[in-house]
There are 2 protein chains.
Amino acid sequence: MPVRLVDVARRAGVSPSTVSYVLSGNRPISAETRRRVEESIAELGFRPHAGARSIRRQSTNVVAMVLPMFADGQSSVQMQFVFAVLHAARAQGYNLLLLTAEDGVAEINNVVNSAMVDGVIVMEIQVNDPRVPVLRALDRPAVLIGTPDDAESLVHVDFDFAAAGAMCVQHLHDLGHRHIGMLAQPADTFARQAGFALRARDGVLQELTDRGLNPTWIPAQPNPAGVAEAIEELFGQDPELSALIVYNELALPFVLDRLRQLGRRVPGDMSVVAICPDDQAQHLLPAVSDVALPAAELGRLAFERLVGLISGTDQPVSTLLEPHLNRRGSAGPPLRR
Amino acid sequence: MPVRLVDVARRAGVSPSTVSYVLSGNRPISAETRRRVEESIAELGFRPHAGARSIRRQSTNVVAMVLPMFADGQSSVQMQFVFAVLHAARAQGYNLLLLTAEDGVAEINNVVNSAMVDGVIVMEIQVNDPRVPVLRALDRPAVLIGTPDDAESLVHVDFDFAAAGAMCVQHLHDLGHRHIGMLAQPADTFARQAGFALRARDGVLQELTDRGLNPTWIPAQPNPAGVAEAIEELFGQDPELSALIVYNELALPFVLDRLRQLGRRVPGDMSVVAICPDDQAQHLLPAVSDVALPAAELGRLAFERLVGLISGTDQPVSTLLEPHLNRRGSAGPPLRR
DNA sequence: TTGAAAGCGTTACCAC
DNA sequence: GTGGTAACGCTTTCAA
């Protein structure tokens, strides 16, 4: 019932190898023969058997992507990575296989050792990520989205979260703010030592300290109660707070909302700068100044690196995307008091 | 370098077929032989080559999931489907291959005809979905999450959105409301004839009409400006509006926010009931009464059906999950005037 | 209870 | 420019 390569060959009156070469382009084929073969393929609706093919080729044209442990579809940033990789992959004829980090390290080995995938992309890297040694020992290439402490020789792409944090501080400081606080990722994100959360916070705190300002910060749950609590806590730490750096895209709308409830106008009474995907800041009211988190770009880049490695070309071990500030209406000079 | 089945056999001092039978369990094996083989497998770290295996077996233990055309990671509901299917699949030793609807119908045929997957799950079904005839002609099973107009004989699972809409109306009407409006999915969701959007709206409007109330509704973009505009429009349609049905999970926080800005208190001046995943309603302030959208349950169910079909057991063609109302603080009787 | 050997569908080497 | 055919790694019939 399923149509095989030999069926195509028979119908076209050529040998199986000729059909194979028409398919792969690994050998010159006369125009006439090619035409007959392609016609035969089309008429029979032939698709090469991927499994059979993968025995002889050394590849499957499938790559695996390892999702974060706690992925639940809530974090749109995580999903932007997935979609960016997915689109890049599909555009190049690759398929994407999804793995969850819960499966643990064993599953990465499994799909690779069973020759199901040509490579692996791993996201949401922890500073001391247990998957790193596994990836390094793999006999297939891997690319990390994120930077572990011991990345040496493991190809990874990342956003410069420390510089992004510092840039937020600089912007607000330049505007005249001297009391700047940071509302950061949820506590459990810090608990699992996610690199992006730690580096962004440290970038902010370091820059605050360097400029002689108080390192005021707090993690926040991305819901109204969590945000209200966090903001109250920040004011407790520094009652003169006049500017907020928000690196918590899900909480951002609730932050604006809460400030409004508290009667603090943005940017008059409180300046706000966010680190988040641009489209999540620009459609709020007021539109929020942000250091754009290039999730789609990182995902695309990660796949590009992986394909490069698969095809055997050397890739830069480390790529750090530089932050860029989008000025909007949410940050201005502090009110004279 | 990669370890093969024959390597395992040699090391265990048995024939390849014996190793195969140990793996598949298709033949009785003496305890002693089994022990030696398993030891050999473990020591060599052997994993059967998935491709080679799939030639002889008729299956790959991979299923494909076709994502919505416009998936961008923003809609958490879509992602909950994906994660539900992913977790169910991984729990049963299946891998999940992601396809985007943009690839078009051809790509579904491709992965199936190339024997890459054992079955397909398709989500975000349109009422007149062009993929339906393709899925029906496939020689592998397919399961839809959603209901097309011509579903006959195609296994599908869905939430009863019409009943959910009606239930919202009923709840508000029972509380005493006579001026009820619906803030619905974005216009482009209607434009692409997404079944869930149409059915929920029609369920609401039908029930409103049946109860002699005005069928007031409006689509809304899920951002502050879109929501503000939609609410203004609803008040334009019915200045006495005292209750809102929101089926637009991304817009829901902005709705509460906007009502607050307008000085309308919830539920005093305006009752709100949502159709959305429960966790997106319960953590708002005030916590929002909802008809819970069982995305995770639907995803899990879809995979269950698909595995059933793959293993050759008949499955119910249609499964419609009944709505259930969670009463919270956002809906109450209308203020006496 | 086990082994030998014939496939499975595709690729690529070796001939011509 | 094209064809024959031996692999690839595994499963399963057939035989013992």
Side-chain angles (χ1 to χ4, degrees), chain A residues 1-38 40-41 44-62 93 110-118 139-140, chain B residues 1-38 40-41 44-62 110-118 139:
Chain A
M1 184 66 207
V3 30
R4 295 148 6 230
L5 185 139
V6 285
D7 302 325
V8 173
R10 193 145 32 220
R11 190 180 209 292
V14 298
S15 79
S17 50
T18 298
V19 175
S20 177
Y21 285 118
V22 167
L23 250 24
S24 68
N26 285 342
R27 180 200 253 189
I29 302 282
S30 74
E32 167 58 11
T33 302
R34 152 162 289 122
R35 197 193 54 69
R36 287 222 312 285
V37 169
E38 280 169 350
S40 176
I41 289 175
L44 296 177
F46 168 72
R47 288 287 124 196
H49 188 292
R53 170 172 275 185
S54 77
I55 301 186
R56 300 304 320 257
R57 296 225 222 267
Q58 207 50 308
S59 65
T60 59
N61 267 37
V62 178
N110 255 340
V111 294
V112 168
N113 291 343
S114 64
M116 293 194 73
V117 301
D118 298 341
D139 55 342
R140 301 277 168 161
Chain B
M1 184 69 208
V3 30
R4 295 150 1 225
L5 184 140
V6 285
D7 302 325
V8 173
R10 194 146 32 221
R11 189 179 210 295
V14 298
S15 79
S17 50
T18 298
V19 176
S20 177
Y21 284 118
V22 167
L23 250 25
S24 68
N26 285 344
R27 179 199 253 186
I29 302 281
S30 74
E32 166 59 8
T33 302
R34 151 162 289 122
R35 197 193 55 68
R36 287 222 312 286
V37 169
E38 281 170 349
S40 175
I41 289 176
L44 296 177
F46 169 72
R47 289 285 124 197
H49 188 294
R53 171 171 275 188
S54 77
I55 301 186
R56 302 300 317 253
R57 292 228 221 268
Q58 206 50 311
S59 66
T60 59
N61 265 38
V62 178
N110 256 341
V111 295
V112 167
N113 290 343
S114 65
M116 294 195 71
V117 302
D118 299 341
D139 54 341

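Order of the sequence lines sets the chain letters (A, B, ...), proteins ahead of strands, with each chain counted from 1.
Using a distance-only test at 3.5 Å, with no hydrogens or angles considered, no donor-acceptor pair links the side chain of A/Ser20 to the main chain of A/Pro16. At distances below 3.5 Å, at least one donor-acceptor pair connects side-chain atoms of B/Asp7 with backbone N or O atoms of B/Arg4. Side-chain atoms of A/Ser114 do not come within 3.5 Å of backbone N or O of B/Ala50 as any donor-acceptor pair. Counting only distance, with no hydrogens or angles, the side chain of A/Ser59 and the backbone of A/Asn61 share no donor-acceptor pair below 3.5 Å. Remark: the backbone N or O of B/Thr60 is not paired with any side-chain donor or acceptor of B/Ser54 at under 3.5 angstrom.
B/Arg4 has its CZ atom 14 Å from the P atom of D/dT11, to the nearest Å. Straight-line distance from the CZ atom of B/Arg27 to the P atom of D/dT12: 11 Å, rounded to whole Å. Following rounding to the nearest Å, B/Arg53 (CZ) and D/dT12 (C1') show an atom-to-atom distance of 13 Å. B/Ile55 has its CD1 atom 14 Å from the C1' atom of D/dT12, to the nearest Å. What separates CZ of A/Arg35 from P of D/dT2 is a distance of 13 Å, to the nearest Å. Here the P atom of nucleotide D/dC8 and the CD atom of A/Gln58 are 11 Å apart, to the nearest Å. Taking atom CZ of B/Phe46 as the reference point, atom C1' of D/dT11 lies 12 Å away to the nearest angstrom. Here D/dC10 presents its P atom at 12 Å from CG of B/Leu44, a figure rounded to the nearest Å.
Out of D/dT12, D/dT2, D/dC10, the shortest distance to the side chain of B/Ser20 is found at D/dT12. The side chain of A/Arg56 approaches D/dA6 more closely than any other nucleotide in the set D/dT2, D/dA6, D/dT12.
Using a 4.0 Å heavy-atom cutoff across all strands shown, A/Ser24 reaches no nucleic acid atom at all. Note on A/Val19: nothing from the nucleic acid sits closer than 4.0 angstrom, heavy atoms only.
Along DNA chain C, read 5' to 3', the first and last nucleotides having any atom under 4.0 Å from a heavy atom of chain B are C/dT1 to C/dC8.
Distances shown here put every side-chain N or O of A/Ser17 at or beyond 4.0 Å from the OP1 or OP2 atom of D/dT5.
Between B/Ile29 and A/Leu5, the residue anchored closer to the 5' end of DNA chain C is B/Ile29, taking for each the nucleotide with the nearest heavy atom.
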Would you sort out whether B/Met116 and A/Val62 count as a side chain to side chain contact (heavy atoms under 4.5 Å, CB included), showing the intermediate values? CA-CA 10 Å; B/Met116 294 195 71; A/Val62 178; 3.5 Å; yes
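Side-chain contact between A/Val117 and A/Arg140 is absent, with no heavy-atom pair separated by less than 4.5 Å.
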